[in-house]
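Naming convention: chains lettered A, B, ... in sequence-line order (proteins, then strands); numbering from 1 in each chain.
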Amino acid sequence: MLPDATAPPILSLRELSKRFGQTLAVDRLSLDVPRGSLFGLLGPNGAGKTTTLSMATGLLRPDAGTAVVDGADVWADPPAAKARMGVLPDGVRLFDRLTGAELLRYHGLLRGMPEADVTARAGELLAALGLAEAASTLVIDYSAGMRKKIGLACALIHAPRLLLLDEPFEAVDPVSGETIREILRGFVASGGTVVLSSHVMELVESLCDRVAIVAQGRMLAAGTLDEVRQGQPLQRRFLELVGTQALDAESLSWLRSS
Amino acid sequence: MAALLVGLQLRQYGRTLTRSPWAIVTLVLAVLGALGALGLVATTMVLLRVTLPQTGPDAVVVLGSTLVVGWAIASVLISADDALAPERFAMLPVPARRLLPGVLLGGAIGVGGIGTLLALLLTLIGWSITWPALLAAALLLPLQLLTCLLAGRALAAALARQLAKRSGRDLIVVIGSVLGISAGIVVVVVAEGVRALGSTDSLLGAVAGTLAWTPIGAAWGVPRAVADGALLPAAAQLLVALATAALLWLVWAHDFRSRLTAPIVSGGGGRVRSGAWIDRLLPATPVGAIAARGLRYRLRDPRHLVNVIGVVLLPLLILGLNVVMGTTVEVELGEGVADLGAFGDVGPMLLPLLGAIVLMSVGQLDTAYDSSALAAHVLTGVSGTADRAGRALGMIVLFGPLLTVTAVVTTAISGRWELLPASLGATLGTAALVIGAGSAISPWMPGQTPAPEASPFGTGSSGGAQALLGALLMLLVILTAGAPAIGTALAAAWFPLLGWVSLAIGLGLGALAIWLGVRLGGRALDRRWPEVLAAVTREH
Ligand SMILES: Nc1ncnc2c1ncn2[C@@H]1O[C@H](COP(=O)(O)OP(=O)(O)OP(=O)(O)O)[C@@H](O)[C@H]1O
Ligand SMILES: [Mg+2]
């Protein structure tokens, strides 16, 4: 299903700004994510991706600007907006003294789902993500990749219409990575929308149909993959927009073995 | 290298202090506590020097041994937080030999290390009875300090492999909390024992005489022997002291060296029991889920377990103390006014109230213990009221029965069953009041807790200044809104029927307090979710 350009965007950020002391982490950033797209958010370390997603999901109050999810303003009507989103935050703990199964059940019940649905879906999600074995192990004893996967399962359990995933493939093994890609493609095919941040250009290129590139809190480019790429490989275009840190001949010269 | 490590430690302190004003307040409180202890040492030393100069050395030997044991225990309890753990240097190509002095010194930079040094300097007052003793003590002071520091490092090193397993860490936590809670009581029991055994100073002399020959007291035994002019024992004890320090150094250095190349990785605990009964007990709603999660955490997370143990243990310990000392108290009361006899029965009845008061920090800090995991509540759009209600329900389900059992046990021992309603009214009423007040306060002052996986006795275990302020507010609430239930409970000692009144008032006002706390706290939370999340996420 191709994104319908005339329908209102499912996620719409307007002039979002956030300052931490001296750093302007996000600077009047605006972004529209059309319904049914698989949207890649790219940017160098410290670009403001996590900060932007936090402000779009209700974790961090913006200094200015609005975030609207499917017609519901995240900061004016949080319950409505949050019910439509599934979120995998980055750099946030899980309730890790629960087992994987207990954590999933917890998220399902917090979402107000009926117990029977929670139990059925939790079992399916654990099996699909290869966590069935670890279902009764405390999350605190999970590996980094397993934590990402259980976090993703928590974001999926209430079948949201919009998924916001902060670096969902980080530390995930290739097999699970492929599973996650399949899940996301199926989700989008059935009318869902995904926004994910990533540093892996090849992955974004093969998975996403739309991308946005941010650096220093500002939006540098946004649009369909082809619009942003302008005929170049995404990697090259990204470096062109963000600017490489050209190493001059002298720097780090001591590192080159004599 | 040593200067570098000490600098690193100092910078870490500086960073913590500049990041949060509460950290400064906490530091000030710690310093005030240390100053209080030092004041006590100074007063004791001066008093002994003036009135009983010959007892001074004995007291110092006991103090020194206590310091060594204290350092050993404290280091084990906070070893999980060690900023200078060998694993942190494992990646650096620096031999252990060059790291060790700096690590030892770096560990001494802090309220504990500086306080110990000052305490040791103060003991010189006690040694000033003869010039040779003073000289010997001054010369041995570095060795004494070294023994303290090394005792801490060596014991933590020896137990490091056990502490790396979750079961080992959790056990340490349980033992530590029992020790910590009962510390004051142990002192009283020992003192009582001493009194029963005979005159205090002859016993002090005997204890000091023994300790002076043991590894923990030998470094202080030397000047004591010198003061007595016993040079041969002094030499022997010096040998013991030096051998102790050398041995501790070897144990620690060996462990440090091996951990540089084979770091200890904290291990997990494997599978856990599912506790499905918790899910059956509580409704499958957001409120029920939050309550169930609270229950699981109270049993699985050592930071919570310590509080649970405290709630039950504190009243029971004081009760035990009462039984130990009971005879003397009764004799004194028997000759006093008859009415006081009735008051003697009120004591045990009100003991469970102490458990309810321990709940003060539990209620207020509950959110802070979650740390950034609280994001799950923010993201799922749980209403503030559901969050507050779930937490309150989880506490009621666990602490209600625990406090009830405590009240029954204390009443059974006092033997006045007609006072049980009064005991329950005062205890449960106050507990509910505290839970309600905590619910309302914590969105504004979530307080500080030790980070998840950090030692429950490390940074932030005191709850910080916000917790202190919260405790003051809650005391005010107890003294005002709690007065009817507690007052009628007291009066029940003379008019037992008032106990039922106390129970009714306690439960009624308590339910009202929880309802109000959930409403107020919930509304504040709905407006302040991101701010609360930021406050509990911040590292202290
Ligand atoms: N809580 C905070 N306090 C202070 N500064 C912050 C905080 N969170 C983020 N920043 C700063 O804001 C900027 C943007 O950070 P952000 O985490 O959003 O980047 P990012 O694009 O997610 O980077 P990465 O790709 O490394 O995850 C950085 O300069 C960072 O230092
Ligand atoms: Mg990020």
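- Between chain A and the residues B:A386, B:G390, B:A289, the most heavy-atom pairs under 4.5 angstrom are made by B:A289.
- A salt bridge is absent between B:D370 and A:R93: the closest approach of a Lys/Arg side-chain nitrogen to an acidic carboxylate oxygen does not fall below 4.0 angstrom.
- Per-residue counts of heavy-atom pairs under 4.5 Å with chain A were compared for B:G288, B:G381, B:S372; the largest is that of B:S372.
- The shortest non-hydrogen separation linking B:R527 to A:R61 is O-NH2, 2.7 Å.
- Proximity of B:T285 to A:L109: side-chain heavy atoms (C-beta onward) are nowhere separated by under 4.5 Å.
- Among all heavy-atom pairs drawn from A:L98 and B:R293, the shortest one is CD1-CG, 3.7 Å.
- What you find for B:A376 and A:L110 is that their closest heavy atoms are O-CD1, 4.4 Å.
- Heavy atoms of A:L94 lying under 4.5 Å from chain B belong exclusively to its backbone.
- Annotation for A:F95 and B:A373: closest pair CE1-O, 3.3 Å, computed over non-hydrogen atoms.
- Ranked by heavy-atom pairs shorter than 4.5 Å toward chain B, the options A:H107, A:H158, A:R111, A:M85 are led by A:R111.
- Neither the backbone nor the side chain of B:A534 has a heavy atom closer than 4.5 Å to any heavy atom of chain A.
- The most heavy-atom pairs under 4.5 Å with chain B, out of A:E115, A:M113, A:R105, come from A:R105.
- For a residue to count as touching a neighbouring chain, one of its non-hydrogen atoms must lie under 4.5 Å from one of that chain's; by this rule B:I290 touches chain A with backbone and side chain alike.
- The shortest non-hydrogen separation linking A:T99 to B:R300 is N-NH1, 4.1 Å.
- The greatest number of non-hydrogen atom pairs below 4.5 Å with chain A, out of B:L379, B:D526, B:V382, B:D387, is found for B:L379.
- For B:R528, the CZ atom sits in a packed shell: over 12 heavy atoms of surrounding residues, nucleotides or ligands are nearer than 6.0 Å.
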